[in-house]
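All values below come from the heavy atoms of this structure, side chains included, with hydrogens, waters and symmetry mates left out. All values derive from a computational prediction rather than experimental measurement.
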Amino acid sequence: PRSTLFPYTTLFRSRGGGHLPENRRSRNTRGIRRWAWAGLLAQIAFVASWGLASNWQGPRYRTAAHSISDMYAETAPHAWFLIVVFTLCGAATIVFAFGAVRRALRPGGWTATVGSALLALSIVGLGDLLTVTERLACRMADPGCTATKQISNLGGQLDNTLSTYGVLALVVAGIFLSFAMRRAATWRGWAWPTRWTMLVLFLVAFADAIGSHYGLGGLFERLIALVGAAWLAALAVAILRRTRKGPEGQPTETGPVQS
């Protein structure tokens with residue numbers, strides 16, 4: 001009868017204490033660290049790739065004036081390099097968002113889930129993953145190319161749309177994650193620095209919209225990419241530090257690590 005099983009089921013439940021078994025906890029920690037490394041390496045590769053690609057754009061290309069998107073336009077030399085690297089970086093950032101950020105900040109509640117989802121949908125996630133579909137029709141460094149001609153094809157329109165809303169999604173993602181950090185004991189010190197970083201990103205994005213009329217669009221776009229990548233890299237390092245094993249082989253992060 002069900003009543004005779006009640007004391008035993010109660011006993012087994014109480015022994016768990018609401019914590020995950022040690023072997024499962026260890027697997028979850030390894031998973032978080034794996035995707036945190038993926039996120040960290042993705043940001044390094046992302047910044048290094050567009051820094052390197054500017055070397056073969058020709059004498060007419062100017063980094064202060066011309067965008068990163070120009071370097072994988074349909075007329076760009078060796079565009080495949082950035083397309084491949086950006087696509088891989090976007091995929092790595094998406095799994096970093098769900099596999100590391102969401103799980104590390106889960107004690108912060110639903111804002112961690114929303115922030116991680118927005119991070120995956122932002123310019124550093126989905127925006128980079130779809131790079132192959134976002135190719136401008138020409139480069140501003142090409143003779144006869146204009147801003148209108150650049151977005152005259154589907155790729156240019158997608159790049160324009162995903163870049164605008166992608167940066168906004170990244171800023172909002174950071175805001176949601178900052179609230180999750182505020183509610184998670186070991187992440188409270190990250191809440192305000194994250195909010196200040198998102199404010200800087202928003203201001204630089206606003207400056208980019210104005211600077212493009214004064215030949216500084218490329219400079220501000222690179223600042224957006226650099227600030228975003230630096231914040232994500234720092235976040236990945238923080239996750240790695242909080243999940244590293246202590247002297248007794250246990251994760252140093254306080255609280256149960258959940259899947």
Minimum heavy-atom separation for [X] and [Y], please, with both atom names.
X: Gln43; Y: Ala233; result: CG-N, 3.9 Å
X: Thr111; Y: Gly108; result: OG1-O, 3.4 Å
X: Ala100; Y: Ala36; result: CB-N, 3.8 Å
X: Cys145; Y: Gln150; result: SG-CG, 3.6 Å
X: Ala225; Y: Ile68; result: CB-CD1, 4.1 Å
X: Ala173; Y: Gly115; result: CB-O, 3.5 Å

Specify whether Trp56 and Phe81 have parallel, tilted or perpendicular ring planes, treating 30° as the upper limit for parallel and 60° as the lower limit for perpendicular.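 The rings of Trp56 and Phe81 stand perpendicular, inter-plane angle above 60°.
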Ring geometry between Trp187 and Trp190 (parallel below 30°, tilted from 30 to 60°, perpendicular above 60°): perpendicular
Any donor-acceptor N/O pair, [X] side chain to [Y] backbone, under 3.5 Å:
X: Asn153; Y: Arg135; value: yes
X: Arg183; Y: Gly109; value: no
X: Ser49; Y: Phe46; value: yes
X: Arg182; Y: Arg188; value: no
X: Arg139; Y: Gln57; value: yes
X: Arg244; Y: Arg241; value: yes

Find out whether [X] and [Y] are in side-chain contact, i.e. whether some heavy atom of one side chain is under 4.5 Å from a heavy atom of the other.
X: Asp159; Y: Tyr72; answer: yes
X: Trp231; Y: Leu170; answer: yes
X: Val101; Y: Phe96; answer: yes
X: Val167; Y: Leu201; answer: no

Axial cation check for Trp35 ring with Arg102, 6.0 Å and 45° limits: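 Output no; distance or angle outside limits.
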Pick from Val132, Leu130, Leu136: which one makes a side chain to side chain contact (heavy atoms under 4.5 Å, CB included) with Glu134?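 Going through the options one by one, the only one that passes is Leu130.
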Run the side chain to side chain contact (heavy atoms under 4.5 Å, CB included) check on Ser122 and Leu119 step by step: do they pass? CA-CA 5 Å; Ser122 73; Leu119 178 59; 4.1 Å; yes
Nearest-0.5 Å distance that lies between atom [atom1] in [X] and atom [atom2] in [Y]:
X: Asn55; Y: His78; atom1: CG; atom2: NE2; answer: 11.5 Å
X: Thr194; Y: Leu235; atom1: OG1; atom2: CG; answer: 7.0 Å
X: Ile123; Y: Leu129; atom1: CD1; atom2: CG; answer: 13.0 Å
X: Thr243; Y: Ile32; atom1: OG1; atom2: CD1; answer: 6.5 Å
X: Leu158; Y: Thr131; atom1: CG; atom2: OG1; answer: 11.5 Å
X: Met71; Y: Leu82; atom1: CE; atom2: CG; answer: 5.5 Å

After noting the C-alpha distance and the side-chain angles of Phe176 and Val172, does the key distance pass the side chain to side chain contact (heavy atoms under 4.5 Å, CB included) rule? CA-CA 6 Å; Phe176 272 98; Val172 177; 3.6 Å; yes
So if you build clusters from Ile, Leu, Val, Met, Phe, Trp, Tyr with side-chain heavy-atom gaps below 4.5 Å, do [X] and [Y] land together?
X: Leu126; Y: Phe86; answer: no
X: Leu105; Y: Trp110; answer: no
X: Met140; Y: Tyr61; answer: no
X: Leu240; Y: Leu41; answer: no
X: Val85; Y: Trp37; answer: no

Which residue pairs pass the salt bridge (charged side-chain N to carboxylate O under 4.0 Å, His left out) test when at least one of the two sits in residues 47-74, sequence neighbours left out? none
Check the pair Leu232 / Val124 against side chain to side chain contact (heavy atoms under 4.5 Å, CB included), numbers first and verdict last. CA-CA 9 Å; Leu232 288 173; Val124 296; 3.7 Å; yes
More than 12 heavy atoms of other residues, nucleotides or ligands under 6.0 Å from CZ of Arg195: yes or no? yes
Crowding at CZ, Phe202 (>12 non-hydrogen neighbours, <6.0 Å): no
Apply the test side chain to side chain contact (heavy atoms under 4.5 Å, CB included) to residues Leu88 and Val84: give CA-CA distance (whole Å), side-chain angles for both, the deciding distance (0.1 Å), then the verdict. CA-CA 6 Å; Leu88 293 176; Val84 171; 4.1 Å; yes
